[in-house]
Amino acid sequence: MWSGLRIAGDAFKITILKPQKAYGTRWLPHHERVITAVLRDYPALVQHLGEVSVNGGSTQATKESAQKLTKALKNIRFVAFLHFRDQYLTLMSSLSRVFQSNDSTVDCVKSRVESISSRLSQLASSEVLKKLMHTGMIHIDDEVVQYKGVSLEAGRRGRGERHTSTVDSLIQQAVDDCLSICIGTQDQLRDRFSSFLVSKVLNAATVFE
């Protein structure tokens, strides 16, 4: 599948970032690279998986997997969440890297936690998240919404329901989920790193330049 993906990349005149398996690893920078690859190479991924799902000469199991992945990639809520996930993982990966560095100090950890918490507070806004999740989405007309040239699927509509209202509903669902993630992460950061943030002993050990 990798060779076929590179061919699809050539068709779009982009250099493909080789996808990595995110499953089974807890190292956040690894997940961050996966999201970066998906966002950057999105059109080529959709085209390639679409071809594999139909006539890729692969096994039936591979074709079925490609069909499921194609459907997920073209789901408007999935695409919207990708943009949040990209920023979220960038923040959390920066904290992970602090702990990986041998040069980290109490001051480094404290500053990074405070910085991430501040940024999460900014993200925890419905308007900010809606703007972020609409990144790259184009409403062609009442029936078509595209992302990087790919028509997205907004799901089933009720009788008389407009496509745009369905899109707005799906985006709002993603926004609500991401608001919970932002707030929950801030709570976890406070619980996990309270000693760095409020401890008089550790604060006394902070190195000021």
Side-chain angles (χ1 to χ4, degrees), residues 1-2 5 9 14-42 44-45 65 69 72-73 75 77-136 147-148 171 173-209:
M1 290 182 67
W2 170 233
L5 183 56
I14 58 177
T15 301
I16 298 294
L17 296 175
K18 188 172 183 179
Q20 303 182 44
K21 293 182 179 180
Y23 180 80
T25 177
R26 296 177 62 185
W27 196 47
L28 290 178
H30 187 80
H31 287 264
E32 182 184 13
R33 288 195 296 270
V34 172
I35 298 297
T36 298
V38 172
L39 284 173
R40 173 179 161 172
D41 305 331
Y42 181 82
L45 283 171
S65 294
L69 286 171
L73 282 170
N75 182 278
R77 187 176 175 185
F78 176 83
V79 173
F81 187 71
L82 272 179
H83 287 283
F84 167 78
R85 184 83 169 179
D86 181 45
Q87 293 212 8
Y88 179 81
L89 284 177
T90 297
L91 290 173
M92 303 313 297
S93 293
S94 69
L95 181 60
S96 176
R97 291 189 179 96
V98 166
F99 284 101
Q100 295 292 326
S101 174
N102 293 327
D103 298 325
S104 293
T105 63
V106 171
D107 187 35
C108 288
V109 175
K110 182 175 183 293
S111 297
R112 189 58 53 86
V113 171
E114 290 176 337
S115 175
I116 292 173
S117 182
S118 175
R119 179 53 183 155
L120 286 173
S121 294
Q122 295 172 3
L123 278 176
S125 160
S126 292
E127 292 305 314
V128 171
L129 287 172
K130 283 180 182 179
K131 183 176 180 180
L132 175 63
M133 292 180 178
H134 276 97
T135 301
Y147 176 71
K148 293 189 175 182
I171 292 290
Q173 290 175 26
V175 166
D176 291 342
D177 289 341
C178 293
L179 282 172
S180 296
I181 292 173
C182 288
I183 295 171
T185 301
Q186 286 180 292
D187 290 340
Q188 290 297 319
L189 285 174
R190 280 192 291 268
D191 291 343
R192 177 65 178 82
F193 298 104
S194 59
S195 59
F196 287 94
L197 301 177
V198 300
S199 171
K200 293 181 179 181
V201 175
L202 290 177
N203 284 336
T206 301
V207 178
F208 295 94
E209 296 183 353

For [Y], does its backbone N or O pair with a side-chain atom of [X] as donor and acceptor, under 3.5 Å?
X	Y	answer
Tyr147	Ala80	no
Ser93	Thr90	no
Ser101	Arg97	no
Ser180	Asp176	yes
Lys148	Asp41	no
Thr185	Ile181	yes

Does [X] reach the side chain of [Y], with side-chain heavy atoms less than 4.5 Å apart?
X	Y	value
Val38	Leu73	yes
Cys182	Phe84	yes
Asp86	Leu82	no

Give the minimum heavy-atom separation between [X] and [Y], together with the two atoms involved.
X	Y	result
Met133	Cys178	CE-SG, 3.1 Å
Ser126	Leu179	OG-CD1, 3.6 Å
Arg77	Gln173	NH1-OE1, 3.0 Å
Leu120	Leu189	CD1-CD1, 4.0 Å
Gln186	Ser121	NE2-OG, 2.6 Å
His83	Leu132	CB-O, 3.7 Å

* Leu95 and Phe193: CA distance, side-chain angles, deciding distance, side chain to side chain contact (heavy atoms under 4.5 Å, CB included) verdict -> CA-CA 12 Å; Leu95 181 60; Phe193 298 104; 3.9 Å; yes

* Salt bridge present between Glu127 and Lys131 (N-O < 4.0 angstrom) -> no

* To do: Enter the distance from Leu45:CG to Leu39:CG here, rounded to the nearest 0.5 Å.
  => 10.0 Å

* Can you tell which of Val109, Asp103, Thr105 makes a side chain to side chain contact (heavy atoms under 4.5 Å, CB included) with Val98? -> Val109

* Kindly determine whether Gln122 and Arg119 satisfy side chain to side chain donor-acceptor pair (under 3.5 Å), including the steps that lead there. => CA-CA 5 Å; Gln122 295 172 3; Arg119 179 53 183 155; 3.0 Å; yes

